[in-house]
Amino acid sequence: MNKNLPAVFVILATFFMISFITNILGPIFPELINSFAIGMTLAGFFPFAFFAAYGVMSIPAGLLAQRMGEKFVMLLAFCIAMVGALLFAFWPTFELAMIALFLVGSAMAFLQVAINPMLRRAGGSEHFAVLSVVAQLLFGAGATLSPIVYVNLVEWSQQPSSILNSLVPQHMSWLSMYWLFAALCLVMFIWGGMTRFESRRHPEDDAKTYSLAESIALFKNNVVIKYFFAIAAYVALEQGIANSISIFMLQVHGMDAQQVGASVVSKFWLMLTVGCAVGLVMMKLFDVRKVLAWFCIGAGVSLGGAIFGSSTMALWAFPVAGFFLSIMWSALFSLALNSFSNGHSAIAGILCTGIVGGAIISPLIGLLVQVSGSLQLALLVLFLPLGYMLHVAYSSNPIVNNHTIRFFEKKSAEQEA
């Protein structure tokens, strides 16, 4: 399969955009509370509206992709995201904010469903695992840069000479990010529209189209179910750790949530990005299933150290956990799609529905804190999704294995002989 590098570049940039937009909710969360004069409970509906869109829109996105093509879905997604961002920016009320975030979340669901099969096709199925790690690296870069851009853009928007000064209310300077999102979505729409992508009717890919009933029926397939829960487990683990770091450092170790906690969260995403670079090399040397298993074990050890270790250990162990989480999404998604010969758009829709796991884990941890009276004990629930992913690593049997360097393949074969 010939590689389509221009398409690969657009797809990888889209992964960056998804993360850049998604991970701004954490930094602006306190500002949302102040601007709308609401409490923590109502404010919690903002991320819920965003992530709930994945559960509602992912399967329809998969159906639309197989009928109209992934490129159409990608361009439509950028239009929806731009509308949602502008709706938020023009009319920043609580009710419209909920609708706007659902629209933006729906757009992100459309993108997640469309670009994974596109990346597999544009880069070659045997290179999909490695390209997925590159995509995850850019995803981590987007999460790392988003808060930095936010701080600088807010400062610039408050200057009298700034274009945004007349567009953004003084007490809602965080809205400047949504003006930026709208502009970036327009750029991505133009770039994607001008780029040639492979036909959705590639003989190796979606030879069969799935109806809504058939897509739902895929939930009866044990392999689909296994990877659906694996994706839900990963997102629950990632969001469960990231959303608990600041409050954990405050309640357990008495450290300032905004200064120390925010710093550890930033390092968590930074180490996730670094881990992607290391994982990229490892996936060219070893089978993706082995790498996934090793990283699951490493995440378990570091998470245990963060929960039950000293304050100094927690400062280091949480970011190290981010390092080991880095390749999990890429490994699971590539193993899932490489386990089927067709129907990748429909399957990607079901897998992305699993992202709704990110909306479930934080309320669950909060409930367990109320029951047990201990945040440390409540965080033990995170070992359940981690253990499940380890099980998936050992039980997976894909049709297409990730491409590795020949030297290691020959050496492994000689050792087995």
Side-chain angles (χ1 to χ4, degrees), residues 13-14 16-39 41-58 60-61 64 72-115 142-143 146-147 149-151 153-154 156-158 162-193 352 355-356 358-359:
T14 301
F16 177 91
M17 280 290 297
I18 292 172
S19 180
F20 189 77
I21 294 174
T22 299
N23 291 295
I24 196 59
L25 284 174
I28 70 172
F29 196 76
E31 298 300 324
L32 291 173
I33 295 174
N34 293 331
S35 297
F36 294 107
I38 56 177
T41 303
L42 280 178
F45 280 97
F46 286 117
F48 179 82
F50 185 91
F51 281 103
Y54 280 94
V56 175
M57 302 303 297
S58 292
L64 186 62
F72 174 84
V73 172
M74 182 184 73
L75 297 179
L76 177 62
F78 282 122
C79 287
I80 294 173
M82 183 170 60
V83 170
L86 289 175
L87 181 64
F88 210 164
F90 275 114
W91 297 285
T93 65
F94 179 83
E95 295 78 12
L96 287 179
M98 295 285 293
I99 297 173
L101 285 174
F102 184 84
L103 287 174
V104 176
S106 298
M108 299 303 102
F110 272 50
L111 289 174
Q112 288 277 18
V113 170
I115 62 179
S146 189
V149 173
Y150 164 61
V151 172
L153 189 62
V154 165
W156 181 66
S157 68
Q158 293 175 344
S162 169
I163 299 175
L164 291 172
N165 184 262
S166 58
L167 297 175
V168 177
Q170 283 294 105
H171 64 290
M172 291 185 173
S173 56
W174 50 271
L175 279 174
S176 57
M177 284 298 289
Y178 284 88
W179 284 103
L180 176 62
F181 292 157
L184 291 176
C185 286
L186 178 61
V187 171
M188 291 300 300
F189 176 84
I190 296 172
W191 186 13
C352 288
I355 296 176
V356 75

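All values below come from the heavy atoms of this structure, side chains included, with hydrogens, waters and symmetry mates left out.
- By the side-chain contact (heavy atoms from CB on, under 4.5 Å) test, Val56 pairs with Phe102, sequence neighbours left out.
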Note to self: Is there a side chain to side chain contact (heavy atoms under 4.5 Å, CB included) between Tyr178 and Leu87? Walk through the geometry before answering.
What the structure shows: CA-CA 9 Å; Tyr178 284 88; Leu87 181 64; over 6 Å; no
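- Here the closest non-hydrogen pair linking Leu186 and Met82 is CB-SD, 3.8 Å.
- Separation of atoms OG1 (Thr93) and CE (Met98) is listed at 11.0 Å; rounding is to 0.5 Å.
- Considering every non-hydrogen atom in both Ser19 and Gly142, the closest pair reads OG-C, 3.6 Å.
- Residues Val187 and Phe78 form no side-chain contact, since every pair of their non-hydrogen atoms from C-beta on lies 4.5 Å or further apart.
- Taking the six-membered ring for Trp, Trp179 and Phe90 have ring centres closer than 6.0 Å.
- The distance from atom CE of Met172 to atom CG of Leu167, rounded to the nearest 0.5 Å, is 14.5 Å.
- The shortest side-chain heavy-atom distance between Phe88 and Leu103 does not fall under the 4.5 Å cut-off.
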Next item on the list: Under the side chain to side chain contact (heavy atoms under 4.5 Å, CB included) rule, what do Val149 and Leu180 come out as? Steps first, then yes or no, please.
Entry: CA-CA 10 Å; Val149 173; Leu180 176 62; 3.8 Å; yes
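- Counting all heavy atoms, side chain and backbone alike, Leu75 lies closest to Gly193 at CD2-N, 3.6 Å.
- Ring-plane geometry between Phe181 and Phe20 is classed as perpendicular, the angle between the planes exceeding 60 degrees on a 0 to 90 degree scale with a lower cut at 30.
- A distance of 6.5 Å separates CG in Leu153 from CE in Met177, rounded to the nearest 0.5 Å.
- Closest approach of Ala109 and Ala53 over heavy atoms only: CB-O, 4.3 Å.
- Between Phe110 and Leu64, the shortest heavy-atom distance links the atoms CE2-CD2, 3.9 Å.
- Interatomic distance, CG of Leu111 versus CE of Met188, reported as 8.5 Å (0.5 Å rounding).
- Of all heavy-atom pairs between Ala89 and Pro92, the closest is O-CD, 4.0 Å.
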Item checked: Verdict with supporting geometry, Leu184 and Ile21, side chain to side chain contact (heavy atoms under 4.5 Å, CB included) -> CA-CA 10 Å; Leu184 291 176; Ile21 294 174; over 6 Å; no
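- In this structure, OG on Ser106 lies 4.5 Å from CE on Met57, to the nearest 0.5 angstrom.
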